[in-house]
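Working notes, beginning with the structure itself.
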Amino acid sequence: MKRLIPLALLAVCVPAFAAAQPIVVASKNFNESYILGEVVAQLLEREGFAVDRKLGLGGTKICYDALAVGDVDVYVEYTGTIAEAIKDLDGESTLARLADAVAPDGIEMLPPLGFNNTYAIALAPAVAASRNLRTISDLVPHGDLRVAVSHEFLERNDGWPGLTAIYGFDWTPTGIEHALAYQAIADGAIDGTDAYSTDGELSRDGLVVLADDRGFFPAYLAVPLVRAALDPRAKAVIALIGGTLTDAEMRDMNAAALGGADTATVAADYVARKGLGGGAGPRRVDADGFWSRLAGNTARHLQLVAYALVPATLVAVLLGVAIFKVAWLARGAVYLAGLLQTIPSIALLALLIPLTGIGVLPAVVALFLYALLPILRNTVTALTGIDPTLRRVALAMGLKPAQELRYVFVPLAMPSIVAGVRTAAVISIGTATLAAFIGAGGLGDPIVKGLSLNDTTLILEGAVPAALLAILTELTFEAIERLLTPGHLRAAASTS
Amino acid sequence: MNAVEFQGVGKRFDEWVFRDVDLALPNERTTALVGPSGCGKTTLLQLVNAVQRPDQGVVEVFGEPVPETGLVPFRRRFGYAVQGAGLFPHMTIADNVGLVARLEGWSPDAIRARRRELLDIVGLSEALDGRYPHQLSGGQQQRVGLCRALMLKPRMLLLDEPFAGVDPITRADLYPEFEQLRDHEEVTTLLVTHDVAEAQRLADHLVVMGGGGVVQAGPIDEVIAAPRNAFVRDLLASAL
């Protein structure tokens, strides 16, 4: 716990002397965002800035809040997302309007990178060629085509309903899970689907993207968001990327990553090809070797779990011991701990960012809160379940409350308390993989990266050690339980 | 001086269990407290060592009212044994018997000597000292429970149905052993029991409870010879 206090102080103080700190570059946890994060990071490095990468954070809210509190200096966002999801703007969202909207958060919007990652309609090349389809208007009379779109697209106002209103479709496509749509087209099961206009699959599979000839789909222009207080020289460097990236180029880079290329390498190629930045050449920090990466991730993972579990055990056991005699209080505390458990971990992490920033601290706080329930519940249940005759005898014998606890209640409850800690530990090891979403590292890091890259090897690099860690924890606790099991239970086990 | 005096004592949980109880328990005797279940026998017993507090009246023990504070040393002046013995399952026999003496700061030698003195009387050999309660028979556990109650040499022993739930043959062995212990320790005893025959066997003074109070109290022979009413007569008859 002691080591958490400096961390908390750090989180508070970082904005004050950020100039001396490396520039923190973040990204969300999908391919394109990783690549753009790398482009920004490498460009800054080529210009001589020190960079700290927090790539793969778990979503819009986490990235934006982290930027607003100053834990992150820059990440690439989309104009449509700023208008719809972050600021909920009505009416036309011009770049100037969006810039004004983020300014009160101490955030500055730099010029768009060039490409527009919006919705699109994509067709199998053979179909598009045989029917000579180039625009969405061309598609209207072809209700016989097997078009399947994502369920979300079918429902959203900026999806099919809006498209029908503008283009006058008199037919409705079927629904399909977006992740399956490209495979379905490749298999010839469907003829077309909705897409994001920079999806790597579009160029990988040579699909034809129909032009939005009536300009229906809102713009999702990629724009770097930076902290307004960031060094102006750094802002100028990031602004260099503005206008350099076309839809096709972004699509090709996504396709390369989809094909297994490292996002850092894809980004480095781009920066070099465009001749961005100074002449220092690609200065990509070479990825660590497998074993040292594994050791580092595992150590961080264990650190997260230990920092959460030790204080959670102390708090839950002491709380349980303090309140178990007051039935309504004990019930209330267990209920409250149960309520914490129902908050989805990503939501809890996102809620914590304004208070704690991103990184280790919110991850530890979240794991701590999740660990409370199993320990508290087992402690309270075990203590309240002690034979009332024994409680009466202890009282009548003249044991002081502290002596009752030490000599009778706690030893009798111990096996159950240890079982609660064991449950909490195993849950924590699983949940700690989500800490990667807020830049806390650990074994979740390769998992999150692997999920976005669809790279099974990378996913396993995190998942297998996490599973082994969970098993190892079970074994360790079995040993601890044997040590702490009161003599009568051990004797019972050996005689039976 | 009486061992215990109840002066206008009442106790209520949701409803009054009993009220206006005036009763004296003679010193250096064994008093049995009998009556149908739910009549408040156990509650009355627990008022003596302040495990329960009265809602009405005053309880005096050896001439002094039960204190408001300092209950831990007060409770240690009594021995207390219950049905099923109530031994702590995670402690050895030696630790069960010696726990409070250890907390009182007795030396290990003194604890061992006193423990052996008591356990020898009830015929439990030293070989059992390191066993856990579940490794003993029910009768052996109850003997340990009685010895634990007597460890600190109390002036008064409070027994709450300690012989209930023991099979009749074992119980027949336990009675004389209890009497040996009691006479060796010269301890005033209050025995709660639902078994009138047991009361006749072990006690010389009888208190009959029922209908929210004490119905009759006195030397056991007198009560048997002259039951105050049909309730007492029927209760006594159930044992004969």
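Only this structure's heavy atoms are used, side chains among them; waters, hydrogens and symmetry mates stay out.
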Region of B:R131 that comes under 4.5 Å of a non-hydrogen atom in chain A: neither
Part of B:D160 within contact of chain A (heavy atom distance under 4.5 Å): side chain
NZ or CZ of B:R143 within 45° of B:F178 ring axis and under 6.0 Å: no
Side chain / backbone / both / neither for B:L87 at chain A, heavy atoms under 4.5 Å: backbone
Most chain A-contacting option - heavy-atom pairs closer than 4.5 Å, from B:V82, B:L103, B:V100: B:L103
Cation-aromatic face contact B:R75/B:Y80, 6.0 Å, 45 degrees: no
Ring geometry between B:F78 and B:F74 (parallel below 30°, tilted from 30 to 60°, perpendicular above 60°): perpendicular
Check: B:F163 ring centre within less than 6.0 Å of B:Y175 ring centre: yes
